[in-house]
Amino acid sequence: MLASENAWEATYTEQYRAKSEENRDRRRHRALNRRELSPEAAAARAVRIAEAQERIGVQFAQAQTTEGFALPYWSFIRLKAREGDADAKLVRNAEEEPIFAAWRKERQAQQNIEVERRLRHGYQSPGGCVGGNPNYKRLPFTHWGLVSEQHPLLQLFVASVPRAKKLRTGNTKSASYCVGHKLLALDDVYVETNRSMRRVLRVELDHTFQGGVEELAAAISALNLPLPNLVVGYIDPKGQLLHPHLIWLIEQSVAFTGKGRSGPQKLWTAVLRGLTAGLLPLGADPGGLNNWCRVKNPLSPEWDCAVLAGAPYNLAPDPQDGEDALAVLAPQLDLEGARALLQASTAARQGAPLAQDHPDPAIAAQSNQLFRHLSIAARARVGWFRDGGNGTEAEFRQELFAEAARVTPMDGVAQEHAAATARSVARWTWGGTVNLLSSNRASWQAEDDAGRDFRL
């Protein structure tokens, strides 16, 4: 295994370097093409714009004859552009392009300054609570270089997140925004991995490992589960690893686009659930299945990160090396694994009020912790309400409101945020609940003497 890991590391490092240089060249070429426009091309574009303006003017004049029409000219153009009218898009872009070009130029110049500062002076942390969590405290520090330079697996993780314009990160659990530059964004504490091309399998452990990463690795091995590629979390001054995220990377990502095949998609989902079920003895959070793409960022200098398995896994068995396949975990979602997930989900739903993970109740009411809790409760109850015909969607939503009130401080702004989360979860769950065991339902339902519905 060590030899294969070393071979993969050497190969991928070279591929990553070549791809990075190719992307830089493509960006330079695209920037030059944007700046250079021949006189002939500029004249032809001006003619097209003039013709489009004339046609749009005719449409606007016709629209003005309609009773009740009161849109000004530019609002009409923007409306037609949103509807897909090619002439309106051309006119709108011609009018707004100078404004956006100036804005893009200013933003690019500012980002270039920030990137230069980051590369020259390193990542400078002000210290304080990582992710806003008072249990994760850091002194001010400076990290030189990029975390991704430390191991090829971290470079593979870089390739597993969306491109800069779609990359969403944040420095707290609830924050999610687009920085617009990948190098700068990947210093943030939390990151969302690619939903369309999925390479990352993440399981969150709500447990403290007093022996650190070594204790965690031994515990995973004792469960006969494959070691994760990356472990991301916070190691306190006593050497304890607090609530880590485990990350498995697969070499070939799975397409969850319209053209993606259903077989690999189902296998990816089953493996993620199998990992979660298998790690329940170590505190795996079943609610993490609802928000699997939100990860403690292994590329952020704020976290402690360790590599346990030095090469990515295969999702399906490889003819040359079947030992690395994660597909063997899918059967763990059969009867026993599903029952274990259900019991853990039910316990979370019926347990004590949630520990407030932020001193401000309004922020705590927007946290992923509340979202996960309500998602688990909704999946456990939607079958009784909707499929069993025992209640309406409004009654189902009201029960989630009551659950949100039970587990969180409900006053003022916090109440509004928690109610909005409950309303969103209720609407989403009512319209699209997925049975974790739809393919195995007949087999395990016949075995269940009590006839319980093991739907999450």
Side-chain angles (χ1 to χ4, degrees), residues 1-2 4-6 8-9 12 123 125 127 129-131 133-139 141 143-158 160-161 173 186-191 193 199-250 271-272 274-285 288 292 294-313 323-324 326 329:
M1 185 67 180
L2 182 59
S4 63
E5 287 183 3
N6 292 337
W8 177 84
E9 290 178 15
Y12 188 77
Y123 172 82
S125 172
C129 300
V130 180
N133 192 323
N135 295 319
Y136 307 154
K137 293 183 178 180
R138 296 277 190 212
L139 295 174
F141 68 92
H143 178 86
W144 300 100
L146 302 177
V147 177
S148 59
E149 297 171 342
Q150 297 175 4
H151 197 280
L153 278 172
L154 296 170
Q155 297 172 345
L156 183 62
F157 187 87
V158 174
S160 305
V161 300
K173 281 187 174 182
L186 290 179
D187 279 334
D188 284 350
V189 174
Y190 290 93
V191 63
T193 58
R199 179 180 281 123
V200 178
L201 296 154
R202 184 273 270 170
V203 176
E204 178 180 357
L205 301 186
D206 289 334
H207 186 73
T208 297
F209 296 87
Q210 296 182 352
V213 176
E214 293 77 11
E215 179 186 339
L216 170 64
I220 295 173
S221 299
L223 295 173
N224 293 319
L225 293 172
L227 291 174
N229 295 109
L230 303 172
V231 176
V232 190
Y234 174 82
I235 297 179
D236 68 10
K238 298 179 180 179
Q240 301 179 118
L241 175 63
L242 278 59
H243 295 210
H245 282 195
L246 311 184
I247 297 173
W248 291 258
L249 298 171
I250 54 178
V271 168
L272 178 60
L275 286 169
T276 304
L279 288 164
L280 284 174
L282 299 184
D285 178 14
W292 60 268
R294 183 80 170 173
V295 186
K296 287 180 178 177
N297 184 11
L299 304 171
S300 172
E302 298 286 354
W303 293 119
D304 296 298
C305 180
V307 176
L308 293 188
Y313 290 90
E323 295 181 358
D324 288 344
L326 293 174
L329 298 170

Go through the steps to decide whether Trp8 and Leu153 satisfy the test side-chain contact (heavy atoms from CB on, under 4.5 Å), and finish with yes or no. CA-CA 10 Å; Trp8 177 84; Leu153 278 172; 3.8 Å; yes

What's the shortest heavy-atom distance between [X] and [Y], and which atoms?
{"X": "Ala284", "Y": "Thr276", "value": "CB-O, 3.5 Å"}
{"X": "Gly131", "Y": "Tyr190", "value": "CA-CE1, 4.3 Å"}
{"X": "Val189", "Y": "Trp303", "value": "O-NE1, 2.8 Å"}
{"X": "Leu156", "Y": "Tyr12", "value": "CA-OH, 3.3 Å"}
{"X": "Leu308", "Y": "Pro228", "value": "CB-O, 3.1 Å"}
{"X": "Leu249", "Y": "Ser160", "value": "CD2-OG, 4.3 Å"}

Donor-acceptor list for residues 210-218 side chains, cut-off 3.5 Å, not counting sequence neighbours:
from   : atom 1 : to     : atom 2 : distance (Å)
Glu215 : OE1    : Gln210 : N      : 3.1
Glu215 : OE1    : Gly211 : N      : 2.5

If you measure from [atom1] on [X] to [atom2] on [Y], what distance do you get to the nearest 0.5 Å?
{"X": "Leu272", "Y": "Trp248", "atom1": "CG", "atom2": "CH2", "value": "9.0 Å"}
{"X": "Leu154", "Y": "Ile247", "atom1": "CG", "atom2": "CD1", "value": "9.0 Å"}
{"X": "Asn229", "Y": "Tyr313", "atom1": "CG", "atom2": "OH", "value": "5.5 Å"}
{"X": "Leu275", "Y": "Leu246", "atom1": "CG", "atom2": "CG", "value": "9.0 Å"}
{"X": "Leu282", "Y": "Leu223", "atom1": "CG", "atom2": "CG", "value": "5.0 Å"}
{"X": "Cys305", "Y": "His151", "atom1": "SG", "atom2": "NE2", "value": "10.0 Å"}

Excluding sequence neighbours, so at least two apart, what forms side chain to side chain donor-acceptor pair (under 3.5 Å) with Glu302?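 By the side chain to side chain donor-acceptor pair (under 3.5 Å) rule, Glu302 matches Tyr123, Ser125.
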
Looking at residues at least two apart in the chain, or sitting in another chain, which of them share a side chain to side chain donor-acceptor pair (under 3.5 Å) with Asp285?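 In terms of side chain to side chain donor-acceptor pair (under 3.5 Å), with neighbours along the sequence ignored, Asp285 is linked to Arg372.
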
Side chain to side chain, Asp187 and Pro301, heavy atoms closer than 4.5 Å: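 Side-chain contact under 4.5 Å: yes.
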
Would you mind reporting whether Val147 and Pro298 have side-chain heavy atoms less than 4.5 Å apart?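 Of all side-chain heavy-atom pairs linking Val147 with Pro298, none is under 4.5 Å.
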
Results of salt bridge (charged side-chain N to carboxylate O under 4.0 Å, His left out) for Asp188 - residues two or more places apart only: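 If we apply the salt bridge (charged side-chain N to carboxylate O under 4.0 Å, His left out) test to Asp188, skipping adjacent residues, there are no hits.
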
Sequence neighbours left out, what pairs pass ring pair (Phe, Tyr, Trp, His ring centres under 6.0 Å) with at least one residue falling in residues 201-224?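 Qualifying pairs: His207-Phe209.
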
Under 3.5 Å donor-acceptor pairs involving side-chain atoms of residues 230-245, not counting sequence neighbours:
from   : atom 1 : to     : atom 2 : distance (Å)
Tyr234 : OH     : Lys137 : N      : 3.3
Tyr234 : OH     : Lys137 : O      : 2.7
Asp236 : OD1    : Lys238 : N      : 2.9
Asp236 : OD1    : Gly239 : N      : 3.0
Asp236 : OD1    : Gln240 : N      : 2.8
Asp236 : OD2    : Gln240 : NE2    : 2.7
His245 : ND1    : Lys296 : N      : 3.0

If only atom types and distance count, is the side chain of Arg199 paired as donor or acceptor with the main-chain N or O of Ile250 below 3.5 Å?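 Side chain of Arg199 to backbone of Ile250, a donor-acceptor pair under 3.5 Å: yes, one is there.
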
